[in-house]
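Have a look at the structure below, then the notes.
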Amino acid sequence: MMSEVAAADWAGQQVASVRDDPAGRLALMERCYHGPFGKAPRHLPFRRAAMSFMGWQLRRGVLRPAFAERPGSPWWRAVNERILRDGCEAVGLSGGLRGPASSPTAEQWLSFAEHPTARAWYRAHNGSVVAAYLENRDLAEAENETERFFMNVVLCRVLYAHALVAAPRISLGRLRPLAALLGDPRLGMTGIFLQLSRVLPDEYPLRDSVRSHLDREIGFGRLLDFGVIAPRLQQLYEWSARELGQPGLLDCVRDGALVYAWPYEDRYVWLPPRSFLIRLVRRTLPPERTGPQRS
């Protein structure tokens with residue numbers, strides 16, 4: 001790298017080169033975890049969760065270019081591009097390209113590059129995700145109802161995975177000693193939180209109704225969403241807004257209902273289905289009433 005090149009400009013060039021190449025996007029993300037000099041052993045384990053999440057997007061076809069026979073999603077492409085751009089900029093900065101960082105989210109990725117911990121990875125990854133959600137709400141509104149519903153599910157799951165590592169009392173209550181292990185992005189368990197392959201078909205756009213997809217969701221996913229995360233939604237989003245420095249995130253939740261590109265009047269979809277197991281989980285792991293979470 002040449003130090004006279006601005007890191008933000010270099011990152012933009014890298015992303016532009018793969019904008020219409022889904023496999024190229026995946027390869028670029030993987031290269032970011034190798035660092036500016038091709039060797040970053042402390043960073044590589046963190047690519048597991050990121051690659052799992054992006055691999056699911058590729059299988060669904062949401063990253064296909066606009067000119068493809070079956071175009072991808074303008075919204076998903078924009079969200080993915082923000083993550084790639086922030087990550088590439090951090091690689092450039094850590095490799096000696098000119099700064100400063102062009103955004104707080106790029107700074108969070110640089111912090112992760114300098115101190116690769118689970119909490120730093122979530123701050124970087126989720127910071128980029130939330131920023132992309134907020135700046136592309138108009139694209140989200142153009143998607144169909146089922147796609148918009150699952151945008152909210154994806155967001156609450158990635159925020160919850162972060163809270164497992166950084167706010168265990170909020171995320172898992174009395175079982176908080178297990179939280180850090182369950183949320184560690186270097187381990188396979190986190191992939192369950194960051195994808196929906198067990199309930200969504202590998203296609204875009206989704207054609208069936210929200211209810212038909214929910215009726216097919218069984219087992220762990222249903223217990224996680226309705227038994228564990230749903231009772232904590234308001235608390236989770238308030239904590240995440242502070243943790244990520246993203247106050248706009250609070251506009252994505254209202255009275256415990258998810259409202260990103262989703263009308264509050266249709267909040268009934270977030271009500272739990274009738275299930276003995278879900279009621280049992282809610283009674284066993286109620287959300288704890290706590291003050292501000294300690295770092």
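Residue indices begin at 1 and follow the sequence shown.
Residues Tyr237 and Cys156 form a side-chain contact, since some pair of their non-hydrogen atoms from C-beta on lies under 4.5 Å apart. Residues Asn144 and Glu147 have side chains in contact (heavy-atom distance under 4.5 Å, counting atoms from C-beta outward). The side-chain heavy atoms of Leu155 and Phe150, taken from C-beta on, include no pair separated by under 4.5 Å. Taking the side chain as every heavy atom from C-beta outward, Arg157 and Leu224 approach each other to under 4.5 Å. At a threshold of 4.5 Å between non-hydrogen side-chain atoms, the residues Arg31 and Val91 do not count as touching. Looking only at side-chain heavy atoms (C-beta outward), Pro273 and Ile278 come within less than 4.5 Å of each other.
Nearest heavy atom pair, residue Glu89 against residue Ala11, reads N-CB, 3.5 Å. Annotation for Arg232 and Ser171: closest pair NE-O, 3.3 Å, computed over non-hydrogen atoms. Contact detail for Leu285 and Leu172: the closest heavy-atom pair is CD2-O, 3.7 Å. In terms of heavy atoms, Leu63 sits closest to Gln57 at CD2-OE1, 3.8 Å. Scanning all heavy atoms of the two residues, the minimum distance from Gly87 to Cys32 falls at C-SG, 4.0 Å.
Tyr204 and Phe67 are assigned to two separate hydrophobic clusters, defined by single-linkage of ILVMFWY side chains at heavy-atom distances under 4.5 Å. Transitive grouping of hydrophobic side chains (ILVMFWY, heavy atoms separated by less than 4.5 Å) keeps Leu250 and Leu236 in distinct clusters. Linking ILVMFWY side-chain heavy atoms closer than 4.5 Å, directly or via other members, places Met151 and Val259 in two distinct hydrophobic clusters. A single hydrophobic cluster is not seen to contain both Trp10 and Phe37; linkage of ILVMFWY side chains at heavy-atom distances under 4.5 Å, directly or through other members, places them apart.
When the salt bridge (charged side-chain N to carboxylate O under 4.0 Å, His left out) test is applied to Glu143, no partner is found at least two apart in sequence or on another chain. Residues forming a side chain to side chain contact (heavy atoms under 4.5 Å, CB included) with Pro116 (at least two apart in sequence, or on another chain): Arg42, His43, Phe46, Phe112. With sequence neighbours excluded, the residues satisfying side chain to side chain contact (heavy atoms under 4.5 Å, CB included) with Ala78 are Asn136, Leu139. With sequence neighbours left out, the side chain to side chain contact (heavy atoms under 4.5 Å, CB included) criterion links Thr284 to Leu280. A search for ring-ring contact (aromatic ring centres under 6.0 Å, His included) contacts involving Tyr260 returns Tyr133, not counting sequence neighbours. Partners of Thr146 according to the side chain to side chain donor-acceptor pair (under 3.5 Å) rule, which considers only residues two or more places apart in sequence or in another chain, do not exist here. Considering only residues two or more places apart in sequence or on other chains, Arg47 meets the salt bridge (charged side-chain N to carboxylate O under 4.0 Å, His left out) condition with Glu30. Scanning for side chain to side chain contact (heavy atoms under 4.5 Å, CB included) contacts around Pro100 gives an empty result, with sequence neighbours left out. Among residues two or more places apart in sequence or in another chain, the salt bridge (charged side-chain N to carboxylate O under 4.0 Å, His left out) test is passed with Arg176 by Glu288.
Checked against Tyr122 for a side-chain contact (heavy atoms from CB on, under 4.5 Å), the options Val165, Leu159, Leu164 give a single hit: Val165.
Contact check on Arg64 versus Glu69 returns no salt bridge, with no Lys/Arg side-chain nitrogen under 4.0 Å from an Asp/Glu carboxylate oxygen. With salt bridges taken as basic N to acidic carboxylate O contacts below 4.0 Å, none links Glu203 and Arg60.
Among pairs with a residue in residues 263-278, those fulfilling side chain to side chain donor-acceptor pair (under 3.5 Å) read Asp255-Tyr264, at least two apart in sequence or across chains. The salt bridge (charged side-chain N to carboxylate O under 4.0 Å, His left out) analysis of residues 101-114, with sequence neighbours excluded, yields no pairs. Legend: salt bridge (charged side-chain N to carboxylate O under 4.0 Å, His left out) pairs involving residues 70-86, not counting sequence neighbours, sorted by first then second residue: Arg19-Glu81, Asp20-Arg77, Arg25-Glu81, Arg82-Asp86, Arg82-Glu135.
Within the 6.0 Å centre-distance limit, the rings of His162 and Trp239 are counted as a close aromatic pair.
Not one N or O on the side chain of Ser52 forms a donor-acceptor pair closer than 3.5 Å with the backbone of Arg48. Judged by distance alone, the side chain of Arg282 and the main-chain N or O of Phe226 form a donor-acceptor pair under 3.5 Å. When atom types are taken as modelled, the side chain of Gln108 and the backbone of Ala124 share no donor-acceptor pair closer than 3.5 angstrom. Between the side chain of Asn126 and the backbone N or O of Val158, at least one donor-acceptor pair lies under 3.5 Å. Judged by distance alone, the side chain of Asn152 and the main-chain N or O of Arg148 form a donor-acceptor pair under 3.5 Å.
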